[in-house]
Amino acid sequence: MTWKHPSSPVTKKFKVQRSAAKVMATVFWDAKGVILLDILPQGQCINAARYCSTLDRLKEAIRRKRRGVVLQHDNATPHSANLTQQ
């Protein structure tokens, strides 16, 4: 409910539309451009195993495209898991 003057126009109610499905993308880049773009399939979550798989693909992409890359990431659970650290 809102407080308004009796002579104020009636407020419009908008129809709710379903939004597009959410997609998660992991992007690795440097000053020269994108090194790897990894799109997570809908309904999947990122975990240590999935992150390790992405890092393996990143390692191969770096080998093909660049030299001397330093990887820096935060301390999110998949990033700091024992499996990832190994």
Side-chain angles (χ1 to χ4, degrees):
M1 306 249 5
T2 58
W3 291 94
K4 58 184 180 177
H5 193 272
S7 62
S8 297
V10 179
T11 57
K12 285 187 173 182
K13 290 189 178 183
F14 295 94
K15 293 183 180 179
V16 177
Q17 296 178 346
R18 289 188 70 140
S19 62
K22 295 179 181 178
V23 175
M24 181 174 172
T26 305
V27 183
F28 296 92
W29 73 91
D30 64 4
K32 295 180 182 178
V34 174
I35 298 172
L36 178 71
L37 172 64
D38 181 46
I39 298 176
L40 192 66
Q42 187 175 359
Q44 286 190 7
C45 295
I46 191 82
N47 56 22
R50 174 69 187 198
Y51 188 63
C52 286
S53 161
T54 301
L55 289 178
D56 289 338
R57 283 187 273 128
L58 175 63
K59 183 179 178 181
E60 183 58 34
I62 289 171
R63 189 175 295 139
R64 283 184 283 119
K65 296 179 181 181
R66 308 281 194 274
R67 290 187 179 265
V69 174
V70 176
L71 178 64
Q72 178 182 357
H73 55 97
D74 59 12
N75 61 350
T77 305
H79 301 171
S80 60
N82 288 334
L83 179 62
T84 305
Q85 297 298 320
Q86 293 172 355

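These numbers come from the heavy atoms of this one structure, side chains and all, not from hydrogens, waters or symmetry mates. These numbers come from a predicted model, not from an experiment.
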Minimum heavy-atom distance Ala61-Ile35, with the two atoms named: CB-O, 3.8 Å
Residue pair Trp29 / Val34: nearest heavy atoms and the distance that separates them: CB-CA, 3.9 Å
Pairwise salt bridge (charged side-chain N to carboxylate O under 4.0 Å, His left out) hits with a residue in residues 32-48, at least two apart: Asp38-Arg50, Asp38-Arg57
Residue list, side-chain contact (heavy atoms from CB on, under 4.5 Å) with Gln42, at least two apart or on another chain: Ala21
All side-chain contact (heavy atoms from CB on, under 4.5 Å) counterparts of Ser8, not counting sequence neighbours: Lys4, His5
To the closest 0.5 Å, what do you measure between [atom1] ([X]) and [atom2] ([Y])?
{"X": "Leu36", "Y": "Glu60", "atom1": "CG", "atom2": "CD", "value": "11.0 Å"}
{"X": "Ile62", "Y": "Asp30", "atom1": "CD1", "atom2": "CG", "value": "8.5 Å"}
{"X": "Thr26", "Y": "Leu58", "atom1": "OG1", "atom2": "CG", "value": "10.5 Å"}

Lys59 atom NZ: more than 12 heavy-atom contacts under 6.0 Å: no
